[in-house]
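Taking it in order: structure first as structure tokens, then the write-up.
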Amino acid sequence: MGLLPEIRDVMEEYKEMLFLYRSALKTLKYRLEVLNDEFQYVHNYNPMETIKTRVKSEESIIRKLQMKGLTVTLDHIKREIEDIAGLRITCSFTSDVYRVVDMITRQKDIEVMRVKDYYLDPKPSGYRSYHMIVAIPVHLMDITAKVKVEVQVCTRSMDTWANLESKIFYQYGGEVPVHLQRGLRECAEMIYYLDNKLLEMKEDIKD
């Protein structure tokens with residue numbers, strides 16, 4: 001991607017800041033793995049199936065700022081883009097989603113800044129998950145910095161749907177044909193029904 005000189009200079013400085021975002025992801029992932037291990041030890045059950053991390057690409061950051069009508073500056077990147085560092089947790093059942101959210105919320109040094117419950121209020125596409133923006137302390141040699149991370153928690157089946165949706169939107173450059181949008185919504189509804197049905201069966205077996 002060919003960047004204008006003034007943008008290129010900002011993004012070079014941003015690369016130095018990336019260390020903090022990557023460190024925050026490592027820290028949070030490790031904390032979650034410990035919590036998952038503890039839950040396994042106490043209850044003989046793992047609520048988290050997978051924990052994946054990613055850092056937003058420079059192209060996505062620039063595009064997002066431009067869509068907001070903002071110039072590309074370090075201040076705008078830090079203040080306006082809250083999902084530079086992203087972590088996605090998949091669970092077997094919807095009950096596990098809320099169990100994991102509660103585990104994160106109960107951590108005294110993790111600040112929950114914002115939440116969006118797409119299970120209660122699904123996206124127009126039909127996508128359902130639980131999103132959180134959290135600030136986690138990253139301890140360096142001389143300072144402790146609080147870094148924002150976007151956390152998404154969803155079922156494994158909904159994660160598969162989300163990956164497919166992302167590929168379709170990329171393939172069509174965001175201009176997805178109506179019949180594919182309708183198909184995605186229908187699949188999301190079927191997945192939600194299936195997730196609930198599996199949870200009912202699990203609860204029946206437990207009872």
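- Nearest approach of I104 to I89, heavy atoms of both residues: CD1-CD1, 4.2 Å.
- Sorted by first and then second residue, the ring-ring contact (aromatic ring centres under 6.0 Å, His included) pairs involving residues 153-204 (not counting sequence neighbours) are Y127-W161.
- Just one of R88, K116, R54, R114 meets the salt bridge (charged side-chain N to carboxylate O under 4.0 Å, His left out) condition when paired with E150; it is R54.
- The ring-ring contact (aromatic ring centres under 6.0 Å, His included) analysis of residues 44-103, with sequence neighbours excluded, yields the pairs Y98-Y130.
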Could you pull out every donor-acceptor pair under 3.5 Å between side chains of residues 137-144 and any protein atom, sequence neighbours left out?
from, atom 1, to, atom 2, distance (Å)
H139, ND1, T144, OG1, 3.0

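- Criterion: ILVMFWY side-chain heavy atoms under 4.5 Å apart, direct or through other members. Under it, M158 and V151 are not part of a common hydrophobic cluster.
- Screening residues 16-39 for ring-ring contact (aromatic ring centres under 6.0 Å, His included), with sequence neighbours left out, gives F39-H43.
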- Message: Is there a side-chain contact (heavy atoms from CB on, under 4.5 Å) between L35 and Q107? Walk through the geometry before answering.
- Response: CA-CA 10 Å; L35 289 173; Q107 300 299 296; 3.7 Å; yes

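- Applying the salt bridge (charged side-chain N to carboxylate O under 4.0 Å, His left out) definition to pairs two or more places apart or across chains, those involving residues 22-40 are R31-D109.
- Panel note: side chain D159, backbone T90; no donor-acceptor pair is recorded below 3.5 Å.
- Remark: side-chain polar atoms of S166 are not paired, donor with acceptor, to backbone N or O of A162 under 3.5 angstrom.
- The closest side-chain heavy-atom distance from I84 to V55 is below 4.5 Å.
- Y119 and T155 get closest at one heavy-atom pair: OH-N, 3.4 Å.
- No path of Ile, Leu, Val, Met, Phe, Trp and Tyr side chains, each step under 4.5 Å between heavy atoms, connects I133 with L87, placing them in separate hydrophobic clusters.
- A salt bridge is absent between E165 and R185; no separation between the charged side-chain nitrogens and carboxylate oxygens falls under 4.0 Å.
- With sequence neighbours excluded, no residue forms a side-chain contact (heavy atoms from CB on, under 4.5 Å) with M201.
- Remark: the backbone N or O of S129 is not paired with any side-chain donor or acceptor of Q152 at under 3.5 angstrom.
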